[in-house]
Amino acid sequence: MYEQYLLALLAPLGVYDLKDGSVSGAELHALGAGLDAAALDLDAAERESLTATAEGEGLARREALFARRPAAAGPEERRAAIAALLQIDGDSLTPEAINRTIRGCGIKARALEMGEGKLRVIFPEVVGVPAEFEQVRRIILDILPCHLAVEFYFRYLTWAECEWAGYTWAEVEAAEHTWESFQLAVPPED
């Protein structure tokens with residue numbers, strides 16, 4: 001890339017012997033290769049220095065700044081989680097800001113204000129305890145202000161839903177439910 005640029009730049013001067021195998025041509029080739037390598041290194045440094053484009057080392061270094069690694073898998077989700085965590089400041093105590101930060105960390109949860117310094121964290125569209133709950137709980141508790149009482153609310157089948165769905169004990173037994181599997185048999189929402 002730069003070798004061709006240097007050739008095109010220096011050829012009109014007529015001062016250098018730019019034929020293959022010449023000393024000037026070899027020097028030019030070495031300089032071009034060095035500039036190409038430096039350009040690749042600069043491109044990688046620029047990419048990793050910006051949260052919006054970081055993919056590897058840049059993401060890992062930013063994640064190391066936080067007590068917990070965000071609950072996100074791919075580079076795009078990790079970038080969004082880091083951006084959300086970097087937005088936490090003194091004005092981040094509103095339910096909207098807390099929920100924006102939780103979502104930005106890749107966690108499908110919502111904090112609801114219960115009054116008297118209490119928050120309830122729910123997990124929409126999740127029945128039972130979410131996968132990797134311990135990691136998710138630690139991240140959420142790191143995000144939420146420490147002066148608030150936090151309760152985690154898990155969704156299970158209720159008797160009212162059993163009646164609404166028309167479940168009978170014969171259907172429950174035919175499905176070979178255990179108590180654990182039955183409490184997770186929440187009917188689909190319309």
Side-chain angles (χ1 to χ4, degrees), residues 1-111 119 121-126 129-148 150 152:
M1 178 171 95
Y2 280 103
E3 179 180 359
Q4 295 306 319
Y5 173 76
L6 288 174
L7 280 172
L9 185 68
L10 297 175
L13 296 176
V15 178
Y16 299 99
D17 180 10
L18 303 176
K19 293 181 213 135
D20 285 344
S22 69
V23 172
S24 296
E27 287 177 358
L28 191 61
H29 177 73
L31 283 172
L35 288 172
D36 285 344
L40 289 174
D41 289 344
L42 286 172
D43 287 344
E46 180 182 24
R47 180 187 66 245
E48 295 300 317
S49 68
L50 301 171
T51 300
T53 56
E55 295 175 356
E57 181 184 358
L59 289 178
R61 288 180 179 261
R62 282 173 184 75
E63 289 169 340
L65 297 173
F66 303 105
R68 308 269 183 255
R69 188 169 185 268
E76 195 67 37
E77 294 87 10
R78 290 170 64 196
R79 286 192 285 269
I82 290 167
L85 289 169
L86 290 172
Q87 291 178 18
I88 297 174
D89 62 12
D91 295 329
S92 297
L93 300 179
T94 66
E96 296 82 20
I98 290 170
N99 285 321
R100 187 174 51 247
T101 303
I102 289 172
R103 276 191 316 275
C105 288
I107 299 171
K108 294 178 181 166
R110 196 168 74 228
L119 281 178
V121 177
I122 64 169
F123 299 90
E125 302 174 20
V126 175
V129 179
E132 300 177 5
F133 173 68
E134 280 309 308
Q135 177 190 10
V136 168
R137 182 184 68 79
R138 287 191 301 267
I139 292 170
I140 289 173
L141 292 177
D142 281 345
I143 292 169
L144 297 177
C146 62
H147 69 281
L148 296 175
V150 179
F152 292 92

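Applying the salt bridge (Lys or Arg N to Asp or Glu O under 4.0 Å) test to every pair with at least one member in residues 50-59, sequence neighbours left out, gives these pairs: Arg47-Glu55, Glu57-Arg61.
The two atoms that bring Ala111 and Asn99 nearest to each other are N-OD1, 2.5 Å, heavy atoms only. Taking all atoms of both residues into account, the shortest heavy-atom contact from Pro124 to Ala109 is CD-CA, 4.1 Å. Nearest approach of Val136 to Ala131, heavy atoms of both residues: CG2-O, 4.4 Å.
For the atom pair CG (Leu148) and CD1 (Ile98), the distance works out to 6.5 Å, reported to the nearest 0.5 Å. Rounding to the nearest 0.5 Å places CG of Asp36 at 11.0 Å from CG of Leu31.
Side-chain atoms of Gln135 and Ile139, non-hydrogen and from C-beta on, do get closer than 4.5 Å to each other.
Residues meeting the side chain to side chain contact (heavy atoms under 4.5 Å, CB included) test with Leu40, sequence neighbours left out: none. Residues meeting the side chain to side chain contact (heavy atoms under 4.5 Å, CB included) test with Val126, sequence neighbours left out: Phe123, Pro130.
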